[in-house]
Every structure is written in structure tokens, then in C-alpha cells.
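Nothing fancy with the numbering, it's 1 onward along the sequence.
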Amino acid sequence: MKLNELTIKEASEKLAKKEISSVELTQACIDRVKKVDPKLNAFLFLAEQSAMLAAKEADKQIANNANTFLTGIPYAVKDNILVKGTKTTAASKILENYESTYDATVIKRLSQAAPVMLGKTNLDEFAMGASTENSAFGPTRNPFDLERVAGGSSGGSAAAVAADEAIFALGSDTAGSIRQPASFCGVVGLKPTYGRVSRYGLIAMCSSLDQIGVLTKTVEDTAISFQLLAGQDEFDTTTLPKHVPDYTRSLNLDVRGVKIGIPKEFFIEGLDQEVRNIIQSAIKQFETLGAEIIETSLPNVPYSVAAYYIITPVEISANLSRFDGIRYGLSVAGKSLDEVYFKSRSKGFGAEVKRRIMIGSYASSAGYFDAYYKKAKQIQTLIRDDFTKAFEKVDLLLTPVSPHAAFKIGEKADPLAMYLEDVFTGPLNLAGVPGLSVPAGATESGLPVNLQLVAPHFQEEKLIQAGHAFEQALGLKLKPRLTG
Ligand code: GLN
């Protein structure tokens, strides 16, 4: 096995035993990126020099036996998360030459363990999209089929992990941006509870829904990497002072007697037959493992996409006003301040970003606020209540992640078709609950399909417990046949 193909667990054991060095491991990942990334476009920026320096430092720590699980492990970062001294573009022309002046809290927290930051990954511009086609720097291609999308918006992170360019990656998720690309690329993706992980240093899209999470090769790796991210942060007042359990402990628990709800609103007409079959056999697998399967309902979930595409644009129109051609990034000269704003934003933002700023400004304007934004927020409360009620009877919910496997590049040119991608993932963000996207099978043509596990607020350990038990029982090994 090549070093870049190792999991966090495997690599860190080999590092601890000094069978391999972080320099060798990092070099293997960098070589892989150079070989396959011209085809994939998963990375926007490869931090080769600083990664090799970090690997040398990690090796010193390991030599002194001062290492922990993540020491010397190469990882990739979605390019809307700030890493001091590196470019952070959010895949937008408006930030093309922007360099981060500080580390996001997640980067700081990870740094305590001295992992190796390999580079920044591609995304839909400002994380708006579900295919990475909205990136100003070209789409990321799916390692399982280069004609297809990697999903989005964290498509670069998902493809990088699936193609063994990075051992794990960070992503962000506002309505599915970690879980859906994880499904399209056959890796594990965790969207934590809103308030579990600090958003400080994440370029805001919809602040009330955004969460940072991890994309990994196994559920065990999710437990290991998520451990360091979770917890309160004084720089993000929406993080809560909740106890952070030892997530690796949940790996030893089985699912006997665990009550798993199957919400009927997720098994609708548009669900692809192959995906439906894969999810049905996953449900059977859980039954065989001793879980109790219970049919349940989340009656307001069908309104999530409509509510999301009001709430999100409203926050986007406010959050993105800071990109004015003066404070950050691209600036186009003009005769007046207004003209600088107008020209810089016209040139710097892509079509989807502009569309959302316009919809958001409209829906939050004085005459329309009550009819649109207020209504959407009321629906959000109903959806949240649906989850609370469901969790009175069950421990977890199980659903598909996406109605289908990865689609072809260019297939969803209509923005509304793209918005429907969030149909099964968005409800969790609106409710604030955590979700885990776990490989469950593949279509006949070899495209990965994941299932989604959902837990009550701050109970990620339940996701890890059930996800791990399922993964072990299934024994699925999906690897793209990427040559290069
Ligand atoms: N597809 C959704 C959107 O375009 C979600 C993206 C995300 O989770 N960042 O807004």
C-alpha cells in the first residue's frame, strides 16, 4: 500500500512506531497531488514548501515521543477557511489575491497536534452551490468518473480524500456541502451540531447555518480528527460550553437496541431507484446488527428548500457587503466611492453570488420582510420542532444523502435544479442537528452512494457509534480507478 493511501489511524501508528516519517508521508501526498490533480482540480493551492517544513517539525516531535494521533498527518483545507500566510480565495475572483492574516480557530486547534497543512481545496464560490461548478477557478472532477461533478460545495476536499491526495480534509456545510460531496466521492463526511465547532476564521456565507466539519476515509478517522475541532471558542459566541466526549470511545459500542427512525418524507418520488435500493439494504444491515427500525415522520421537511433559499440569501446579502473593493481583495478604480463598489462587485462576484445577493436584498427589504424572511424563519422553527419530536421516540434517523449519485458536469444548468440538491441535507442545518454521511454502496456504473445518519443536538458520538458499526459490518472498499 502506498503511504498516501493510509488512514489517519494507520499512518499515525506507523509514525509512532517510526516505521515511516512524516516527511515520507507528506512527500507521498504531494507526489499524488502533482500526478492526479491536473485531472481533478481538487486543489486551488498546494503549500509544498511549508508542508515539508511542517513535516520535518512533526518528525522531531515524534522522535521525542511528543506526538498525538494527528502529528505529522497531511490534511487539506477548504479554501473558505483562513490559514495564516496562505491565500484564501473562497473560489472567488474578488478574493483571488487575498492572503489570510490569521488562523481560523479550527486551524489553531489542529495545530496543537502538529498535522501538516498540504494546501487549500476548491469549492463553489463562497460555498454557494452543490457541484463545485460555481468555482471561479473551474470545477472539481469526480475521481470515480472525470465527466462527473465531485459534489459541492466542498467538492475539492471530498475529491482530495477520495483520490488519496490528502489523508483527511476540512470542509464547511450550510445545507449539505460536506455530506453531499462525501456521498458523490465515497468518503465519510461529518456536519457537526450548530454551535459545536467554532466558525471563527470561516468566510461566512449564512452564519446561522454554517458549520465546519471533517471529510475522512473512515468513521474512526472522523472521531480522531473531529475530537480536536469540537468545543467552545471565545471568538464565536454561537459555540456552546458543552462537554466534549472522547469520540473514539463510541467506536467500541454496537447498535443493539438503538432505535433508528426512517422518516418517510425522505423516500419521495424523485429518489433514484438504485439509491433507494442501497438505502433499503443499509436499513436491513442495521436491523441485522440489532437496531430497532421505526417508521417516523418529519412533516415540515418538504418546505426546507423553499425556506432555506430565503434565509440564506438574506444573510448572504448582508455578509457579503464587506467585499466592497476597499477592505479586501479586488478593487476596480472609479470616479466615486459608489462606482468603486459597483465595479469591484460586478467584476469580482460570479453569477450565483449575484443572484443570491439580489434575492436576499429583495426578501429582506421593508415591504417584503414579513412575507418572505419572517415566514421562512417560522418554517425553520416548525422543522426544528419536527426533529425534536422525532427524537422523543428514536435515537437516530437514517435517510439518503442525495436523491442520486454524482451527476454530469453541466447537467444542472438551471439554478433551481441545483437548489433541489439540498432536499435531504438542508433540513438538518435548519434544525441545527448533526449529520454523518457514510458510504453505503455503489451504483451499477460504480458511482458511490452514502447514507445519512442524524442525531439530536450535540450527540455526534451516536453518529460515530452507528456509522462505525455499519461501516465495519458492510466492509465496503470503494477506490477510484484513477491512473496518473
Ligand atoms: N447547496 C447549498 C447552497 O448552495 C448548500 C451549500 C453549502 O452547504 N455550503 O447553498
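Between the side chains of Thr222 and Thr216, at least one donor-acceptor pair of N or O atoms lies under 3.5 Å. Using modelled atom types and a 3.5 Å distance limit, the side chains of Thr248 and Glu220 yield no donor-acceptor pair. If you check the side chains of Thr239 and Ser198, you find no donor sitting under 3.5 Å from an acceptor. No donor-acceptor contact under 3.5 angstrom links the side chains of Ser157 and Lys78, judged on distance only.
Between Glu13 and Lys9 a salt bridge is recorded (basic side-chain N to carboxylate O distance below 4.0 Å). A salt bridge links Glu352 with Arg356: at least one charged nitrogen is closer than 4.0 Å to a carboxylate oxygen. A salt bridge links Arg199 and Asp236; the closest N-O separation between the charged side-chain nitrogens and carboxylate oxygens is under 4.0 Å.
Counting heavy atoms from C-beta on, the side chains of Ser250 and Lys462 never come closer than 4.5 Å. Contact of the Ile383 side chain with the Leu298 side chain is not registered, since no non-hydrogen atoms from C-beta on lie closer than 4.5 Å. Side-chain contact between Ile310 and Lys375: absent, with no pair of heavy atoms (C-beta onward) separated by less than 4.5 Å. Proximity of Asp37 to Glu165: side-chain heavy atoms (C-beta onward) are separated by under 4.5 Å at one or more points. Residues Asn67 and Leu15 have side chains not in contact (no heavy-atom distance under 4.5 Å, counting atoms from C-beta outward).
When the shell of 6.0 Å around NZ of Lys479 is examined, it contains more than 12 heavy atoms from other residues, nucleotides or ligands. Lys377 NZ: more than 12 foreign heavy atoms inside a 6.0 Å radius. Shown here is Lys284, whose NZ atom has no more than 12 heavy atoms of other residues, nucleotides or ligands within 6.0 Å. Within 6.0 Å of the CZ atom in Phe267, the count of heavy atoms belonging to other residues, nucleotides or ligands exceeds 12.
Among pairs with a residue in residues 112-128, those fulfilling salt bridge (charged side-chain N to carboxylate O under 4.0 Å, His left out) read Asp79-Lys120, at least two apart in sequence or across chains.
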Could you please spell out the steps behind the side chain to side chain contact (heavy atoms under 4.5 Å, CB included) verdict for Leu396 and Leu398?
CA-CA 7 Å; Leu396 290 169; Leu398 190 159; over 6 Å; no

Report the C-alpha separation of Asp164 and Lys217 in whole Å, then their side-chain angles, then the decisive distance to 0.1 Å, and conclude whether the salt bridge (Lys or Arg N to Asp or Glu O under 4.0 Å) test is met.
CA-CA 9 Å; Asp164 292 312; Lys217 298 179 189 180; 2.8 Å; yes

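In this structure, the side chain of Ser154 engages the main chain of Ser177 through a donor-acceptor pair within 3.5 Å. Looking only at distances, no side-chain donor or acceptor of Asn134 sits under 3.5 Å from a matching main-chain atom of Ser153. Arg196 places a side-chain N or O within 3.5 Å of a backbone atom of Lys242 that can act as its donor or acceptor partner. Not a single donor-acceptor pair under 3.5 Å links the side chain of Thr193 to the backbone N or O of Gly195.
Nearest heavy atom pair, residue Thr132 against residue Thr140, reads CG2-OG1, 3.5 Å.
Between Phe235 and Tyr200, the two ring planes are parallel [angle under 30°; tilted spans 30° to 60°].
For Phe184 and Phe407, the ring centers sit closer than 6.0 Å to each other.
Annotation: the span from Thr7 atom OG1 to Asp221 atom CG amounts to 4.5 Å, rounded to 0.5 Å.
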Could you list the donor-acceptor pairs under 3.5 angstrom formed by side chains in residues 420-441, with sequence neighbours left out?
residue	atom	partner	partner atom	Å
Glu421	OE1	Gln180	NE2	3.1
Glu421	OE1	His404	NE2	3.4
Glu421	OE2	His404	NE2	2.6
Asp422	OD2	Tyr309	OH	2.5
Thr425	OG1	Ala175	O	2.6
Thr425	OG1	Asp422	O	3.4
Asn429	OD1	Arg179	NH2	2.6
Asn429	ND2	Asp173	O	3.2
Asn429	ND2	Asp173	OD1	3.1
Asn429	ND2	Thr174	O	2.9
Ser437	OG	Arg179	O	2.9
Ser437	OG	Asn450	ND2	3.0

